[in-house]
Amino acid sequence: MIPLQLSHKYEYPPTSKDGVGNSGASTSLHGQQFTEVPRTAHEIGKDSWVQVCFVLTTGINSAYVLGFSDAIMVHLGWIAGVVGLIAATVLSLYASSLVAKIHEVGGTRHIRYRDLAGYIYGKKYFYTVWILQYLNLFMFNIGFIILGGSAIKDVYGLFSDENALKLSYCNLIAGLVCFLFAIMVPNLSALGAWLGLSAVLSLIYIIVAITVSIKDGINSSARDYSIPGASVGKIFLTIGAICNLFVPFNTGMIPEIQATVRAPVVGNMMKALCVQFTIGDLPMFAVMLFGYWAYGSSASSYLLDNASGPVWAKALANITAFLQSIISFHIFACPSYEYMDTTFGPKVSGLRLQKFSLRVGLRGSYSAVSTVIAALLPFIGDFIGLIGSVCVLPLTFVIPHHLYMMSKKNKLSSLQKLWHWLNVMFFGVLSVAATVESVRLVVMHSKDYKIFGY
């Protein structure tokens with residue numbers, strides 16, 4: 001692979017007259033063929049598929065899993081919920097594999113989602129995907145700050161009878177810790193052992209949540225599994241829950257994650273995806289289903305709020321959920337960090353302290369904006385819905401199926417094209433319907449809301 005160089009200007013990849021990029025032709029160096037890599041300040045092609053697998057499973061088993069019993073199962077019930085989870089797993093693996101298979105097109109390794117879209121669609125859609133993806137990752141990170149803040153507030157409540165520490169203040173604390181972590185870890189590949197720690201942290205709060213849920217479920221004489229809501233409201237809530245089915249499995253940054261894996265790029269990424277969608281899914285399934293079994297339709301948007309277990313167990317689960325949210329925040333912020341480092345990094349020369357100061361300023365600004373919004377709007381459930389409807393579905397289903405068709409052109413049969421078009425239309429309609437429901441919930445929950453009132 002060619003040595004990486006820093007770009008002094010972040011440029012849109014050159015395109016041919018038909019809108020398809022032509023800057024990534026296969027190049028020969030001393031008689032050896034290699035794939036060109038766009039300029040970036042971060043490391044490319046360094047990590048094993050195992051490390052990439054940890055990145056993927058960290059996302060799927062983040063502290064968000066503590067909210068899926070409510071966001072998914074409560075509004076779908078046992079049959080639709082379980083069948084939907086299985087279908088969402090299969091469809092998500094398939095859609096992710098489509099993006100992974102076109103990571104290398106035209107002799108260029110497309111290390112950013114927007115670069116891939118721009119190469120196939122042209123300049124207009126380069127910026128469309130860029131905006132959509134960064135909005136998706138930004139919303140995810142706001143949610144991680146809210147989750148971290150919720151964990152801090154719960155720990156405080158376990159050891160104090162006063163209600164002086166508001167969730168908004170806890171979110172500010174969580175955002176500050178996210179910033180401190182961001183300046184220590186330069187890029188996605190540098191996470192290394194932090195990913196192992198993240199897996200351990202995830203297992204701790206998941207095991208505690210499952211154990212306490214089983215205990216509470218056994219001690220409960222009766223549970224209500226009826227789907228809440230009036231007739232019209234129930235329809236909207238069901239649509240939102242169907243959309244939420246796909247949120248746990250998808251990051252919206254498959255090309256960026258795949259950019260870190262060593263060759264063979266497609267083969268190694270497929271290994272990581274297969275582990276993610278099999279073994280990696282099991283902890284999330286367990287906490288979601290046991291949580292719903294134990295608490296039924298009263299399952300909270302933060303499952304540990306339902307738990308009645310010993311204080312030390314709830315404290316441990318909340319502390320590990322908080323710490324894991326910090327690592328997850330960094331993963332989803334890395335594409336934004338990569339853009340800032342690649343664009344502004346080369347302009348700073350000389351002392352290492354100057355470059356470190358730039359990182360502090362840029363990442364501090366990103367963390368500050370995320371934290372302020374999280375403090376103003378501490379609605380976990382609403383963020384799950386908004387992420388799924390506005391960003392996750394278009395990025396991980398609508399666009400990948402269409403990108404794959406465009407990249408293969410006449411290589412697909414009529415039946416294969418029909419299958420991809422059906423996916424595009426189904427998930428497009430679902431995205432619009434779920435967005436309406438998400439906005440409705442935000443409006444409902446904001447009527448009596450006061451700034452920093454929680």
Polar side chain donor-acceptor pair, Asp224 to Ser226, under 3.5 angstrom = yes

query = Quick one: do the Asn318 and Tyr302 side chains pair a donor with an acceptor below 3.5 Å?
reply = yes

task = Kindly assign one of parallel, tilted or perpendicular to the pair Tyr64 and Phe68, based on the angle between their ring planes and the thresholds 30° and 60°.
result = parallel

query = In terms of side-chain geometry, is the basic nitrogen of Asp305 or Lys314 positioned less than 4.0 Å from the acidic oxygen of its partner?
reply = no

ask   = Do Phe332 and Phe144 have ring centroids that are under 6.0 Å from one another?
value = yes

task = Using atom types as modelled and distance alone, determine if a side-chain donor or acceptor of Ser367 lies under 3.5 Å from a backbone N or O of Gly364.
result = no

remark   = From the list Ile319, Val65, Leu323, Ile210, side chain to side chain contact (heavy atoms under 4.5 Å, CB included) partner of Tyr205 resolves to Val65

Let me check something: any side-chain donor-acceptor pairs from residues 269-285 under 3.5 Å, sequence neighbours excluded? List them with distances.
from, atom 1, to, atom 2, distance (Å)
Gln276, NE2, Phe249, O, 3.3
Thr278, OG1, Cys274, O, 2.6
Thr278, OG1, Val275, O, 3.3

query = Looking only at atom types and distance, does a side-chain atom of Asn136 sit under 3.5 Å from a main-chain N or O of Leu132, one as donor and one as acceptor?
reply = no

message = For Trp78 together with Tyr292, are the ring centres under 6.0 Å from each other?
response = yes

message = Quick one, Asn250 with Ser92, criterion side chain to side chain donor-acceptor pair (under 3.5 Å). Give me CA distance, side-chain angles, the key distance, then yes/no.
response = CA-CA 7 Å; Asn250 301 285; Ser92 297; 3.3 Å; yes

Polar side-chain atom of Thr108 near backbone of His110 as donor-acceptor pair, under 3.5 Å = no

Check: Ser160 side chain, Gly157 main-chain N or O, donor-acceptor pair, under 3.5 Å = no

query = Looking at the rings of Tyr366 and Phe179, which for Trp means the six-membered one, are their centres under 6.0 Å apart?
reply = no

Flag, side chain of Gln133 to backbone of Gly252, donor-acceptor distance under 3.5 Å = yes

inquiry  = Under 3.5 Å, is there a donor on one side chain and an acceptor on the other for Arg114 and Tyr134?
reply    = yes

query = Do any N or O atoms from the side chain of Thr343 and from the backbone of Tyr339 form a donor-acceptor pair under 3.5 angstrom?
reply = yes

request  = State, without any angle test, whether Gln324 and Ser62 hold a side-chain donor-acceptor pair at a distance under 3.5 Å.
outcome  = no

task = Say whether, by atom type as modelled, one donor and one acceptor occur between the side chain of Arg109 and the main chain of Ala259 under 3.5 angstrom.
result = yes

task = Would you tell me whether Tyr295 and Asp216 have side-chain atoms, one donor and one acceptor, within less than 3.5 Å of each other?
result = yes

message = Quick one about Ser370 and Asn141 (side-chain donor to acceptor, distance below 3.5 Å, no hydrogens or angles considered), yes or no?
response = no

task = For residues Phe329 and Phe181, establish whether the separation of their ring centroids is below 6.0 Å.
result = no

task = Indicate, with yes or no, if the rings of Tyr121 and His402 have centres closer together than 6.0 Å.
result = yes

task = Report yes or no: does Arg223 contribute a side-chain atom to a donor-acceptor pair with the main-chain N or O of Gly296 at less than 3.5 Å?
result = no

ask   = Quick one: does Asn171's side chain have a donor or acceptor within less than 3.5 Å of a partner on Ala374's backbone?
value = yes

request  = Give a yes-or-no answer on whether the side chains of Thr58 and Ser198 include a donor-acceptor pair shorter than 3.5 Å.
outcome  = yes

request  = Determine yes or no for a side-chain-to-main-chain donor-acceptor pair under 3.5 angstrom, with Thr89 supplying the side chain and Leu85 the backbone.
outcome  = yes

key: Distance flag, aromatic centroids of His401 and Tyr94, threshold under 6.0 Å   = yes

